[in-house]
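Remarks on the structure that follows.
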Amino acid sequence: MCNYNVYIDEAGDEGFKFKCDRGRGSSKFFVLSAIIVKQELDQGLASLVNELKQILKYQAKDMLAPLHFYKMSHEKRKVCVNHLVHFKDYTIVSVVFQKEKLMEPLKVKSVLYNYACKLLLEKVTIFLKSQKAKANFIFEHRRNTHYDELETYMRKVIDCEQYVLSLKALTKSQSKCLQLADIIASSTYQAFEPNQYDGDVEPLYYMKLSDNIFMHNGKCLGYGLKLFPNDTDIVEQEKYSWINELLKNLSKRVEK
């Protein structure tokens, strides 16, 4: 048996004030993503962070500061994704919430986050079951999240005893792999969240990561990529035509 580490981070916000008098309102999407890596390969994955900082010409005084994908230029984001793709030995899972379509009680921040965790861990445990493995779950620390309550909730909704070795929260400064989970979550978010200028999306980063998306029984949607409350409203929109392209590419991967 080979056990895993699962690093979990988010992108977007949990607010519902979509229209705002000053500046932007709440994001239209909320994303929670996981990067899953074998424990024996964890250090190799983590080493990518320092490699990226060297490529991006970080000064010595900034080497300890965590990477933040959303603060980077498009060129730097491409560098990060391209470098992460080369590692290959990891699996990614993302749940994407179209917040404008959500009903009560999910319009409560803590409820939305906990439910997102539930959906994400359901998909991750399907992966773990297929590998006959357990995992340590490492969440990016959130100031207003009570992780003892989250763990209690998780134990009610999934079979933690069978799949979970431990559950803890760390900051990005404490975990390099959480900084890579940030790249995954932010790349997924950029593929769905319309920009504030012309409403377009940027799927380039996420598409580059496609070879590492979890697939189950030859399927990506509902497993490596879970859209909530349903995928029809999103997939049928022209700006999300990239999803069909993604699915075609992944089906070719399965055929091989």
Side-chain angles (χ1 to χ4, degrees), residues 8-19 24-36 81 91-127 129-130 157-158 181 184-255:
I8 298 166
D9 197 18
E10 72 209 59
D13 60 67
E14 296 137 274
F16 289 87
K17 295 181 179 180
F18 300 112
K19 294 182 179 180
R24 289 194 69 183
S26 302
S27 64
K28 295 182 182 296
F29 288 84
F30 177 71
V31 172
L32 196 66
S33 294
I35 182 167
I36 310 168
V81 172
T91 301
I92 59 177
V93 176
S94 294
V95 294
V96 179
F97 284 76
Q98 189 176 17
K99 294 181 343 189
E100 292 174 308
K101 301 289 185 179
L102 298 182
M103 306 294 288
E104 300 290 352
L106 290 180
K107 291 185 177 181
V108 177
K109 288 185 177 182
S110 60
V111 176
L112 174 56
Y113 183 76
N114 283 354
Y115 192 75
C117 290
K118 171 185 178 293
L119 286 187
L120 185 75
L121 267 66
E122 283 178 350
K123 310 311 172 188
V124 173
T125 53
I126 292 172
F127 170 83
K129 183 178 181 180
S130 70
V157 297
I158 66 169
I184 302 300
S186 296
S187 295
T188 310
Y189 177 75
Q190 292 291 327
F192 287 93
E193 182 70 15
N195 69 50
Q196 60 182 313
Y197 305 109
D198 61 2
D200 200 7
V201 296
E202 180 49 88
L204 171 67
Y205 316 123
Y206 186 69
M207 292 286 281
K208 281 182 174 290
L209 297 163
S210 62
D211 283 348
N212 295 86
I213 299 173
F214 173 48
M215 296 184 69
H216 183 64
N217 293 333
K219 296 180 180 179
C220 163
L221 278 183
Y223 297 98
L225 178 61
K226 170 64 179 177
L227 308 181
F228 190 90
N230 62 69
D231 55 25
T232 304
D233 290 339
I234 298 175
V235 173
E236 292 183 350
Q237 295 182 48
E238 184 177 353
K239 72 177 65 176
Y240 300 114
S241 60
W242 62 265
I243 297 177
N244 288 321
E245 181 183 349
L246 172 73
L247 297 179
K248 288 179 182 177
N249 292 342
L250 291 177
S251 65
K252 291 178 182 177
R253 188 181 91 187
V254 172
E255 291 172 1

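Nearest heavy atoms, V95 versus A116: CG2-O, 3.8 Å. For D9 against A185, the heavy-atom pair with the smallest separation is O-CB, 3.7 Å. Of all heavy-atom pairs spanning S94 and T188, the tightest one is OG-OG1, 3.3 Å.
Between F97 and F30, the ring planes lie tilted relative to each other; the angle falls in the 30° to 60° range.
In this structure, the side chain of N114 does not engage the main chain of C117 through any donor-acceptor pair within 3.5 Å. Between the side chain of D13 and the main chain of S26, no donor-acceptor pair closer than 3.5 Å is present. Put simply, the side chain of K239 gets close to the backbone of G199: a donor and an acceptor are under 3.5 Å apart. E202 contributes a side-chain N or O that, together with a main-chain N or O of L204, makes up a donor-acceptor pair within less than 3.5 Å. With hydrogens and angles ignored, the 3.5 Å screen pairs no side-chain donor or acceptor of N217 with any backbone N or O of K219. Between the side chain of E193 and the backbone N or O of K28, at least one donor-acceptor pair lies under 3.5 Å. Panel note: side chain T91, backbone I36; no donor-acceptor pair is recorded below 3.5 Å.
Put simply, OG on S241 and CD on E238 are 6.5 Å apart, with the number rounded to the nearest 0.5 Å. The CG atom of L119 sits 5.5 Å away from the CD atom of E122 when rounded to the nearest 0.5 Å. Taking OH of Y206 as the start and CD of Q190 as the end, the distance is 14.0 Å to the nearest 0.5 Å. The line from CG of L106 to CD of E14 is 11.5 Å long, rounded to the nearest 0.5 Å. M207 CE to I213 CD1: the interatomic distance, rounded to the nearest 0.5 Å, is 8.5 Å. How far CG of L221 is from CG of L250: 9.0 Å, rounded to the nearest 0.5 Å.
Heavy atoms from other residues, nucleotides or ligands lying under 6.0 Å from NZ of K109 number 12 at most. Remark: K101 NZ is loosely packed, at most 12 non-hydrogen atoms of other residues, nucleotides or ligands lying under 6.0 Å away.
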Might you work through the ring pair (Phe, Tyr, Trp, His ring centres under 6.0 Å) test for Y189 and F29, ending with a clear yes or no? CA-CA 7 Å; Y189 177 75; F29 288 84; 7.9 Å; no
Given the rule in the side-chain contact (heavy atoms from CB on, under 4.5 Å) test, do V93 and F127 qualify, once you have shown the distances and angles that lead to the verdict? CA-CA 9 Å; V93 176; F127 170 83; 5.7 Å; no
Verdict with supporting geometry, I8 and L32, side-chain contact (heavy atoms from CB on, under 4.5 Å): CA-CA 7 Å; I8 298 166; L32 196 66; 3.8 Å; yes
Stepwise, does the side-chain contact (heavy atoms from CB on, under 4.5 Å) test hold for V201 with W242? CA-CA 10 Å; V201 296; W242 62 265; 4.2 Å; yes
Passes side-chain contact (heavy atoms from CB on, under 4.5 Å), K99 versus F18? Steps please. CA-CA 9 Å; K99 294 181 343 189; F18 300 112; 3.9 Å; yes
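Looking only at side-chain heavy atoms (C-beta outward), N249 and S210 stay at 4.5 Å or farther from each other. For the pair K208/Y205, no side-chain contact is recorded, criterion being any heavy-atom separation below 4.5 Å from C-beta on.
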